[in-house]
Each structure stands twice: as C-alpha cells, then as structure tokens.
Amino acid sequence: QVRLVESGGGLVQAGGSLRLSCAASELTSSVKTMAWFRQAPGRERDFVATITWSPGFTYYADSVKGRFTISRDNAKNTVYLQMNSLKSEDSAVYYCAARNGIGVVYNGALYNYWGQGTQVTVSS
C-alpha cells in the first residue's frame with residue numbers, strides 16, 4: 001500500500017514562503033503522477049499542482065501559477081511544493097495525492113492515494 005506523508009506546513013506572514021514535502025513509501029511502478037490539493041474550511045478540495053515522476057511534466061492551477069513550484073526527487077521518492085508570495089487565501093490543509101496514470105487530472109476522486117494533510121496558515 002502506497003503511503004504518503006506530508007510535512008512542512010506552518011504559520012507564515014503574507015508575502016512569505018513555505019516548502020511542503022511529500023514522502024512516498026511502498027511506491028509501485030504503476031504510480032505515475034503526484035499532485036497537491038488544498039482544502040480551506042467550508043470549501044471544497046481544490047487542485048493546486050501536479051507532476052509526473054518521469055519526465056517531470058508539471059501543471060498548476062491559475063490561482064498559484066507563478067508563485068508555487070512543484071518538483072520531485074525520484075531518488076528520495078519525495079515531491080515538494082515551494083510556495084512563495086503567500087496570500088491569506090492560500091491558507092488551507094494541503095494534501096499530497098498519487099495516481100496510477102499519467103495526465104493532468106484536476107478531479108481528486110481519480111487519485112488513488114492520499115496523505116493525511118498539513119496545515120498552512122497565512123496571516124495578513
């Protein structure tokens with residue numbers, strides 16, 4: 001069973017930066033795509049960014065494009081989300097997800113594995 005563990009969340013002032021990490025264990029060759037989603041209180045879970053393990057194609061939600069960067073370290077089976085110029089509206093629980101397949105998929109229901117989430121709070 002693939003296991004995803006997020007870390008790196010916390011409290012930061014608006015305009016600041018955070019880097020989230022997602023360590024994947026028991027990874028199988030069928031897992032091709034990783035992604036970050038987020039969910040704020042009272043809101044639906046939103047797609048943030050996605051990356052393929054190989055060759056590392058990326059795609060971002062419009063709301064984070066130019067501010068967030070998703071990357072991966074294949075040797076460590078870890079995916080990162082570098083978040084810069086943070087805004088109060090970025091506050092949410094951020095979840096790492098993995099999918100058995102390639103392609104830009106915004107629908108969280110199509111992801112096979114999820115982490116427990118890490119809280120990001122941006123103070124204004």
Side-chain angles (χ1 to χ4, degrees):
Q1 178 75 6
V2 174
R3 185 165 175 256
L4 305 176
V5 179
E6 302 98 332
S7 61
L11 174 64
V12 64
Q13 288 188 332
S17 299
L18 279 176
R19 189 177 81 154
L20 306 183
S21 299
C22 172
S25 59
E26 308 298 329
L27 209 59
T28 67
S29 59
S30 59
V31 174
K32 305 294 187 185
T33 303
M34 304 292 292
W36 289 96
F37 288 76
R38 65 187 181 185
Q39 187 168 21
R43 299 194 60 176
E44 293 187 352
R45 182 176 54 195
D46 291 329
F47 167 82
V48 175
T50 186
I51 187 168
T52 57
W53 281 114
S54 179
F57 291 132
T58 61
Y59 195 83
Y60 299 89
D62 287 342
S63 59
V64 305
K65 203 173 292 183
R67 299 188 299 122
F68 290 11
T69 302
I70 189 171
S71 61
R72 86 274 189 248
D73 185 330
N74 292 51
K76 296 182 178 179
N77 285 344
T78 300
V79 174
Y80 305 97
L81 186 68
Q82 177 67 43
M83 305 185 295
N84 299 328
S85 302
L86 283 162
K87 307 174 182 179
S88 57
E89 51 263 44
D90 294 318
S91 295
V93 177
Y94 283 70
Y95 295 93
C96 177
R99 182 170 175 268
N100 295 337
I102 283 184
V104 178
V105 176
Y106 309 110
N107 186 350
L110 298 179
Y111 284 77
N112 303 94
Y113 310 100
W114 290 86
Q116 82 289 349
T118 185
Q119 177 71 49
V120 171
T121 303
V122 183
S123 62
S124 56

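These figures come from a predicted structure and were not determined experimentally. Computed over heavy atoms, backbone and side chain alike; hydrogens, waters and symmetry mates excluded.
- Looking at Asn112, its side chain does come within 3.5 Å of a backbone N or O of Asn100 through a donor-acceptor pair.
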Quick one, Leu81 with Val48, criterion side chain to side chain contact (heavy atoms under 4.5 Å, CB included). Give me CA distance, side-chain angles, the key distance, then yes/no.
CA-CA 10 Å; Leu81 186 68; Val48 175; 4.2 Å; yes
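- Counting all heavy atoms, side chain and backbone alike, Ser54 lies closest to Ile102 at O-CD1, 4.5 Å.
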Please walk me through it: do Asn84 and Phe68 pass side chain to side chain contact (heavy atoms under 4.5 Å, CB included)?
CA-CA 6 Å; Asn84 299 328; Phe68 290 11; over 6 Å; no
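- The main-chain N or O of Phe57 is found under 3.5 Å from a side-chain atom of Thr52 such that the two form a donor-acceptor pair.
- Checked by atom type and distance alone, the side chain of Gln39 never pairs as donor or acceptor with a backbone atom of Glu44 at under 3.5 Å.
- The same ILVMFWY cluster, assembled from side-chain heavy atoms under 4.5 Å apart, contains both Tyr94 and Leu18.
- Side chain of Thr58 to main chain of Ile70: no donor-acceptor pair is present (N/O by atom type, distance under 3.5 Å, no hydrogens or angles).
- When all heavy atoms of Arg38 and Ala92 are compared, the pair lying nearest together is CB-CB, 3.8 Å.
- In this structure, Arg19 satisfies the cation-pi test against Tyr80, with its NZ or CZ atom closer than 6.0 Å to the six-membered ring centre and inside 45 degrees of the ring normal.
- Residues Val120 and Met83 form a side-chain contact, since some pair of their non-hydrogen atoms from C-beta on lies under 4.5 Å apart.
- Side chain of Thr33 to backbone of Gly101: a donor-acceptor contact under 3.5 angstrom is found.
- With salt bridges taken as basic N to acidic carboxylate O contacts below 4.0 Å, one links Lys65 and Asp62.
- The closest donor-acceptor contact from the side chain of Thr118 to the backbone of Gly9 lies under 3.5 Å.
- A distance-only check finds a donor-acceptor pair linking the side chain of Glu6 to the backbone of Gln116 [under 3.5 Å].
- Using a 4.5 Å cut-off between side-chain heavy atoms of Ile, Leu, Val, Met, Phe, Trp and Tyr, with links allowed through other members, Val79 and Tyr59 fall into different hydrophobic clusters.
- When the side chains of ILVMFWY residues are joined at heavy-atom separations under 4.5 Å, either directly or via intervening members, Leu110 and Tyr95 end up in a single hydrophobic cluster.
- Inspection of the Thr78 and Asp73 side chains reveals no N or O donor paired with an N or O acceptor under 3.5 Å.
- Taking the side chain as every heavy atom from C-beta outward, Lys87 and Arg67 approach each other to under 4.5 Å.
- Between Thr121 and Val12, the closest side-chain pair of non-hydrogen atoms is not below 4.5 Å.
- A 4.5 Å side-chain heavy-atom check between Val122 and Gln13 finds every atom pair outside the cut-off.
- Side-chain contact between Ser124 and Glu89: absent, with no pair of heavy atoms (C-beta onward) separated by less than 4.5 Å.
- In terms of hydrophobic clustering, with Ile, Leu, Val, Met, Phe, Trp and Tyr side chains grouped at heavy-atom distances under 4.5 Å, Val64 and Val93 are assigned to different clusters.
- The CG atom of Asp46 lies 7.0 Å from the OG atom of Ser63; values are rounded to the nearest 0.5 Å.
- Proximity of a side-chain donor or acceptor of Asn74 to a complementary backbone N or O of Trp53 within less than 3.5 Å is detected.
- Phe47 and Met34 sit in two unconnected hydrophobic clusters of ILVMFWY residues. Membership requires side-chain heavy atoms under 4.5 Å apart, directly or through other members.
- The minimum heavy-atom distance between Leu4 and Ala98, with the atom names listed, is CD1-N, 3.8 Å.
- Residues Phe37 and Trp114 meet the side-chain proximity criterion, which asks for heavy atoms closer than 4.5 Å.
- Without hydrogens or angle criteria, Tyr111 side chain to Val105 main chain gives a donor-acceptor distance under 3.5 Å.
- Of the possible donor and acceptor atoms, none in the side chain of Gln82 sits under 3.5 Å from a partner among the backbone N and O of Thr69.
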Kindly determine whether Trp36 and Tyr60 satisfy side chain to side chain contact (heavy atoms under 4.5 Å, CB included), including the steps that lead there.
CA-CA 10 Å; Trp36 289 96; Tyr60 299 89; over 6 Å; no
